[in-house]
Protein chains: 2
Amino acid sequence: MGVTRVYSYTLAGKAGVTPEQVRKDFSEYGIKGNRRGGYLTESLIRAIEVIFSRDRKSNVVVVGMGNLGQALSRYERFAGRGINIVATFDIDPYKHKSRSDIHVYPMERLEEITERFGVTVAILAVPEISAQEVCDELVNLGIRGIVNFSPVLLKVPQYVVVNNVNLSDEIESVILSVRRMKEEQTLFL
Amino acid sequence: MGVTRVYSYTLAGKAGVTPEQVRKDFSEYGIKGNRRGGYLTESLIRAIEVIFSRDRKSNVVVVGMGNLGQALSRYERFAGRGINIVATFDIDPYKHKSRSDIHVYPMERLEEITERFGVTVAILAVPEISAQEVCDELVNLGIRGIVNFSPVLLKVPQYVVVNNVNLSDEIESVILSVRRMKEEQTLFL
DNA sequence: TGTATTTTGTGAATTGTTTCACAATAGATC
DNA sequence: GATCTATTGTGAAACAATTCACAAAATACA
Ligand SMILES: NC(=O)c1ccc[n+]([C@@H]2O[C@H](COP(=O)([O-])OP(=O)(O)OC[C@H]3O[C@@H](n4cnc5c(N)ncnc54)[C@H](O)[C@@H]3O)[C@@H](O)[C@H]2O)c1
Ligand SMILES: NC(=O)c1ccc[n+]([C@@H]2O[C@H](COP(=O)([O-])OP(=O)(O)OC[C@H]3O[C@@H](n4cnc5c(N)ncnc54)[C@H](O)[C@@H]3O)[C@@H](O)[C@H]2O)c1
């Protein structure tokens, strides 16, 4: 778009944070701007890509191809973020008949495929009841990071990273904030 | 299951936090335990249900019935959390022919339905490009809270709550943690 | 070339959160 | 019923994150 320079307050506005925050964070990672001239977009983008390792693609698998697993596997924009879904898995034989574009493998092929593609991160979208069991299997196969969508705390060795994404909580938190806001407003009347 | 008492360290273990955290939080909301006897499960559950308003159901709508919108609208467990999806909407006429269980309304019926069901919270799962436009429409109709799945910062009046859920970020964060962990490990060898 | 202006970079101050430490106390044991 | 024990409840301490405030630098302009 022809923009060559950008200022901490511009980025802050777009990101919904303060300019100081932007500068502190950049400073933390050694990103230098130009006093008076702001940051050069070119080098800034490159620096950010390196910091977030977007220059290297990461191979991941999706386990559990129900509602969520399917939605995630069909999202095309992950590629632009260095997230490369190489295969998806499900225990249900009905799901293996690829009705759509994406191929779903049986669990038996998990080991072979994770090894072949050097997969270290898995997206876990199985029902609550199977989550720990599938998690154990993933850890056994050498998976080192799990994005867990089921509302359970997974037990993993300390060398495995788990990020719990609880969509019910995300929605509930908005419901609560709205309720509290309304109550506050009532008090002022 | 017959359990009548529970201790701060039991809950802490299950939740992955410290016992002090559990007690501080409970104390903040006036939940009293019994020194030596821990907390009574019955009254604790009731207290939590009240704090999170799970005793009152909240009507919400889903706007954008693509991959994610469909996945969310098919999730049955929201009901148990007081989240009641009363209707779903999409601009695409093809989506209105309900291939499945859930009915998808055209955007023209948004006003009528949100009013009828007293909806104040919306789940926004439309493409990035339409997000702000649809958001504006929702705010105009009186929506006070938005769970936003598109990777853009929505501009809303201060009386509207937005919770941004960025699934790419959630996955990326695990990829980064795993990479950093591996690098650390390499240093020790 | 000198002065004014804009924006960065960062210590210091502030604000917020988590952990520590221990007195208070309810219940268990003898 | 006296003593011992486990657990809460919470100020104080430690730690973490954010905001403030301003000197330093780069550019613009006279
Ligand atoms: N869909 C949502 O909007 C939503 C919202 C909040 C939380 N979640 C959570 O996300 C997870 C997935 O939700 P969903 O709606 O996609 O569930 P789903 O039931 O639609 O899909 C789960 C899939 O996992 C597969 N599966 C079951 N056991 C398996 C195993 N042992 N190994 C491999 N695959 C197995 C099933 O065959 C199914 O295809 C659940 O834990 C759910 O609680 C989903
Ligand atoms: N699917 C994922 O896993 C995923 C991951 C990360 C982020 N997201 C974000 O979530 C959002 C939804 O993703 P998706 O994969 O479901 O997209 P999608 O393209 O599958 O679905 C979007 C839906 O919104 C509808 N729509 C478009 N414009 C509209 C309008 N003006 N009013 C009403 N409906 C409209 C479309 O008809 C379509 O059905 C996007 O912003 C995407 O960036 C999705």
Side-chain angles (χ1 to χ4, degrees), chain A residues 1-52 153 158 161-166 169-170 172-174 176-177 180-181 184, chain B residues 1-52 153 158 161-166 169-170 172-174 176-177 180-181 184:
Chain A
M1 291 165 74
V3 180
T4 59
R5 328 196 103 158
V6 72
Y7 308 112
S8 60
Y9 56 81
T10 329
L11 295 169
K14 292 283 173 190
V17 297
T18 62
E20 296 84 5
Q21 194 70 265
V22 170
R23 298 205 297 274
K24 263 258 149 76
D25 288 358
F26 282 3
S27 157
E28 177 79 19
Y29 284 94
I31 293 177
K32 299 272 176 218
N34 197 317
R35 295 190 202 228
R36 185 82 198 248
Y39 301 87
L40 292 169
T41 47
E42 289 275 311
S43 64
L44 180 58
I45 290 169
R46 259 200 308 279
I48 289 171
E49 277 175 351
V50 170
I51 290 164
F52 289 98
L153 193 78
Q158 353 71 271
V161 176
V162 177
N163 183 11
N164 297 298
V165 180
N166 191 319
D169 285 353
E170 299 294 346
E172 185 174 70
S173 104
V174 173
L176 287 177
S177 298
R180 249 175 273 153
M181 259 201 175
E184 260 179 48
Chain B
M1 291 165 75
V3 181
T4 58
R5 329 194 104 161
V6 71
Y7 307 111
S8 60
Y9 56 81
T10 328
L11 295 169
K14 291 282 174 191
V17 297
T18 62
E20 294 85 4
Q21 194 72 264
V22 171
R23 298 205 298 274
K24 262 261 149 73
D25 288 359
F26 282 2
S27 156
E28 178 79 19
Y29 284 94
I31 293 177
K32 298 272 179 219
N34 197 317
R35 294 192 203 228
R36 184 78 200 252
Y39 301 88
L40 291 170
T41 48
E42 287 276 311
S43 63
L44 179 59
I45 290 168
R46 261 200 308 281
I48 289 171
E49 276 174 353
V50 170
I51 290 165
F52 289 98
L153 193 77
Q158 354 71 269
V161 176
V162 177
N163 183 11
N164 296 299
V165 180
N166 190 319
D169 285 354
E170 299 294 346
E172 186 174 70
S173 104
V174 173
L176 287 176
S177 299
R180 249 175 274 154
M181 259 202 175
E184 260 177 51

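So you know, we letter chains A, B, ... as the sequences are listed, proteins then strands, and number each from 1.
If you check every strand for non-hydrogen atoms under 4.0 Å, A:Glu20 touches a base. Across all strands shown, B:Phe26 has no heavy atoms under 4.0 Å from either base or sugar-phosphate atoms. Heavy atoms of B:Lys32 sit under 4.0 angstrom from primed sugar atoms or phosphate atoms, though from no base atom.
Residue A:Arg23 has no polar side-chain atom (N or O) positioned under 4.0 Å from OP1 or OP2 of C:dG9. In terms of phosphate contacts, A:Ser27 brings no side-chain nitrogen or oxygen within less than 4.0 Å of OP1 or OP2 of C:dG9. The phosphate of C:dT19 has OP1 or OP2 within less than 4.0 Å of a side-chain N or O from B:Gln21.
Toward the 5' end of DNA chain D, the nearer of the two residues A:Thr18 and A:Arg36, judged by each one's closest nucleotide, is A:Thr18.
Applying the 3.5 Å distance criterion, the base of C:dT19 shares a donor-acceptor pair with the side chain of B:Lys24.
Here the CG-CZ distance, from A:Asp169 to B:Phe52, works out to 8.0 Å after rounding to the nearest 0.5 Å.
Considering only heavy atoms from C-beta on, B:Leu40 stays 4.5 Å or farther from B:Asn34 through its side chain. Side-chain contact between A:Thr41 and A:Arg5: absent, with no pair of heavy atoms (C-beta onward) separated by less than 4.5 Å.
When all heavy atoms are compared, the tightest approach of A:Arg23 to A:Ser8 is NH1-OG, 3.2 Å.
Distance, B:Tyr39 OH to D:dA6 C1': 13 Å, rounded to whole Å. Between B:Asp25 atom CG and D:dG9 atom C1' the separation is 13 Å, expressed in whole Å. In this structure, A:Arg35 places its CZ atom 12 Å from P of D:dT27, rounding to the nearest Å. The OH-C1' distance, from B:Tyr9 to D:dG9, rounds to 16 Å in whole Å.
Checked against C:dG27, C:dT18, C:dG9, the side chain of B:Asn34 finds its nearest nucleotide in C:dG27. With D:dT27, D:dT8, D:dG9 as the candidates, the nucleotide lying closest to the side chain of B:Tyr7 is D:dT8.
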Residue pair B:Glu42, B:Arg46: steps toward the side-chain contact (heavy atoms from CB on, under 4.5 Å) verdict: CA-CA 6 Å; B:Glu42 287 276 311; B:Arg46 261 200 308 281; 3.9 Å; yes
